[in-house]
Amino acid sequence: MAKKNKTPLGIFIESIGLYFSNFDKFVKYMTFPVLGQVGGLLLVLTLTMIYTKHIPQIENINILLLLSILVTLPGLLIFTKAFWEYLVAYGAVNSMLSNMLKSGKVYDFDAHTELIKRRTIPFVGLWFLFGVFSLLAVFPLFWVPAGVIAVFCVLVFQVFTYEPELSPIGCVKRSMQLVKGHFASTFMLMALVGALTYVFVPQIVNKVFELIKLTDCFANMITPFVEQLPIAELNALLSVAYIPAIEVKDIAVFAVTTTAAQIFIQYTLPLRSILWGLWYEELNGTLPVKSTKKKPSEKLMEASKKKYSSKKLDRNILKRAMEKDDEG
């Protein structure tokens with residue numbers, strides 16, 4: 001397949017079209033990974049508040065620790081499961097891209113997800129590297145170099161999906177190789193998709209919530225949680241620095257607006273994955289293609305097929321999930 005030579009703006013527009021043409025499916029796919037995290041944390045907070053208010057004081061530290069674990073465990077399990085599914089979606093949506101480019105539709109979500117989960121160890125390793133980088137980026141001294149590295153490493157999850165023979169470090173090196181010579185265009189794409197999904201969409205959502213009074217409604221619902229915080233002590237510290245006191249209502253509204261923004265940012269993950277998948281295709285010339293020699297990705301497909309055949313799914317489900325163009 002000849003290289004398409006798409007412009008960054010063209011790829012940005014195409015990714016939006018692919019995302020919204022399958023919007024209902026992506027919303028369904030992302031609902032548990034996104035809302036499960038929020039629900040799990042709310043369950044932890046709710047059960048903890050009930051526990052602290054209605055359970056008598058216990059002096060035995062072992063019993064107290066055991067009860068605390070039992071109270072928070074259900075919510076933490078839900079949160080952890082949802083968070084893991086959200087991380088897996090980074091790779092799974094990339095796997096769906098070739099189908100979307102051929103038919104304009106996305107299907108076989110379980111198969112695409114399984115192709116990532118079967119490589120859990122290297123996938124976790126890649127996220128570990130990402131976490132280390134994120135920690136370094138917290139320090140102001142590293143902001144500029146971290147920003148440069150972020151541009152060069154933006155395709156690591158696409159490389160992980162399309163080139164499964166590479167190690168996590170190999171994915172980083174390959175991403176840098178692809179972006180090299182295209183830094184400005186890659187940065188432009190990051191700016192476009194970042195402005196859309198991290199700024200524009202959250203602001204619209206919060207404005208709509210404010211207009212229909214949903215922000216105040218949710219703020220009133222979480223006010224009992226906020227009142228458990230040591231706000232008086234915090235205000236005493238702020239008064240020393242001549243900073244105005246913080247009201248319970250202000251904290252509740254802030255929590256609602258930031259949570260709503262984060263939810264909708266996470267729902268747009270497929271849009272970002274599609275965009276970077278298209279950019280990977282552009283820089284790589286084409287998505288990975290079939291070969292007469294079995295590649296690691298094809299061996300992975302066969303292993304996944306055996307697992308899913310026991311569930312009586314379409315026997316070609318993984319073939320469609322890994323469908324690629326033939327080499328010319």
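The chain is numbered in sequence order, starting from 1. What you see is a predicted model, and the numbers here were worked out from it, not measured in a lab.
- Separation of atoms CZ (Phe139) and CZ (Phe142) is listed at 7.5 Å; rounding is to 0.5 Å.
- Gln262 is not listed as a side-chain neighbour of Gln37, based on a closest heavy-atom distance of 4.5 Å or more.
- When all heavy atoms of Ser273 and Ala89 are compared, the pair lying nearest together is OG-O, 4.4 Å.
- Within a 6.0 Å radius of CD1 in Ile121, other residues, nucleotides and ligands contribute 12 heavy atoms or fewer.
- Smallest separation of non-hydrogen atoms from Val106 and Lys25: O-CD, 3.4 Å.
- Leu192 and Ile13 fall within the same hydrophobic cluster, where Ile, Leu, Val, Met, Phe, Trp and Tyr residues are linked whenever their side-chain heavy atoms come under 4.5 Å apart, directly or through other members.
- Ser95 contributes no side-chain N or O that, together with a main-chain N or O of Gly91, makes up a donor-acceptor pair within less than 3.5 Å.
- Side chain of Thr268 to main chain of Leu271: no donor-acceptor pair is present (N/O by atom type, distance under 3.5 Å, no hydrogens or angles).
- Follow the hydrophobic side-chain contacts under 4.5 Å out from Ile274 and you reach Val201 in the same cluster.
- Inter-residue side-chain proximity for Phe183 and Val148 is flagged as met; some heavy-atom pair is nearer than 4.5 Å.
- Note: Thr197 OG1 to Leu269 CG = 9.5 Å, rounded to the nearest 0.5 Å.
- Distance check: Gln203 CD to Thr257 OG1 gives 11.5 Å after rounding to the nearest 0.5 Å.
- Between Cys153 and Phe130, every side-chain heavy-atom pair lies at or beyond the 4.5 Å cut-off.
- Not one N or O on the side chain of Arg272 forms a donor-acceptor pair closer than 3.5 Å with the backbone of Val193.
- At a threshold of 4.5 Å between side-chain heavy atoms, the hydrophobic network of Ile, Leu, Val, Met, Phe, Trp and Tyr places Val151 and Leu178 in one connected group.
- Environment of NZ in Lys180: sparse, with no more than 12 heavy atoms of neighbouring residues, nucleotides or ligands closer than 6.0 Å.
- A donor-acceptor pair under 3.5 Å is absent between the side-chain atoms of Tyr280 and the main chain of Tyr162, judged by distance alone.
- Under the 4.5 Å side-chain contact rule for hydrophobic residues, Val205 and Tyr19 share a cluster.
- For Phe187, the CZ atom is loosely surrounded, since the number of other residues' heavy atoms within 6.0 Å does not exceed 12.
- At distances below 3.5 Å, not a single donor-acceptor pair connects side-chain atoms of Asp250 with backbone N or O atoms of Ile246.
- Counting heavy atoms from C-beta on, the side chains of Gln158 and Thr161 never come closer than 4.5 Å.
- Remark: aromatic rings of Trp276 and Tyr90 are distant, center separation not under 6.0 Å.
- To the nearest 0.5 Å, the span separating CG on Leu70 from CG on Leu47 amounts to 11.0 Å.
- Put simply, the side chain of Ser185 never gets that close to the backbone of His182: no donor and acceptor are under 3.5 Å apart.
- The closest donor-acceptor contact from the side chain of Arg174 to the backbone of Ile169 lies at 3.5 Å or more, if one exists at all.
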Would you sort out whether Thr31 and Tyr267 count as a side-chain hydrogen bond (donor to acceptor under 3.5 Å, both in side chains), showing the intermediate values? CA-CA 8 Å; Thr31 289; Tyr267 265 114; 3.1 Å; yes

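- Side-chain N or O atoms of Trp279 include none that pairs as donor or acceptor with a backbone N or O of Ile11 at under 3.5 Å.
- Atom CE of Met190 and atom OH of Tyr198 lie 9.0 Å apart (nearest 0.5 Å).
- Both Met49 and Met221 belong to a single network of hydrophobic side chains, linked directly or stepwise wherever heavy atoms of I, L, V, M, F, W or Y lie under 4.5 Å apart.
- Leu97 places a side-chain heavy atom less than 4.5 Å from the side chain of Leu18.
- Remark: Thr120 OG1 to Leu87 CG distance equals 11.0 Å, nearest 0.5 Å.
- Salt bridge present: Glu85 and Lys117 bring a charged side-chain N and a carboxylate O closer than 4.0 Å.
- Proximity of a side-chain donor or acceptor of Ser15 to a complementary backbone N or O of Phe12 within less than 3.5 Å is detected.
- Within the 4.5 Å cutoff, the side chain of Asp216 has heavy atoms near those of the Lys249 side chain.
- Inspection of the Thr113 and Tyr29 side chains reveals an N or O donor paired with an N or O acceptor under 3.5 Å.
- Taking the six-membered ring for Trp, Phe23 and Phe26 have ring centres at least 6.0 Å apart.
- Classified by interplanar angle (parallel below 30°, tilted 30° to 60°, perpendicular above 60°), the ring pair Phe123/Trp84 is perpendicular.
- In this pair, Phe209 and Phe264 present their aromatic rings perpendicular. The plane angle is above 60°, beyond the 30 to 60° band.
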Residues Trp127, Phe157; criterion ring pair (Phe, Tyr, Trp, His ring centres under 6.0 Å); working and verdict: CA-CA 9 Å; Trp127 274 108; Phe157 292 104; 4.7 Å; yes

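- Between the side chain of Ser175 and the backbone N or O of Cys171 there is no donor-acceptor pair closer than 3.5 Å.
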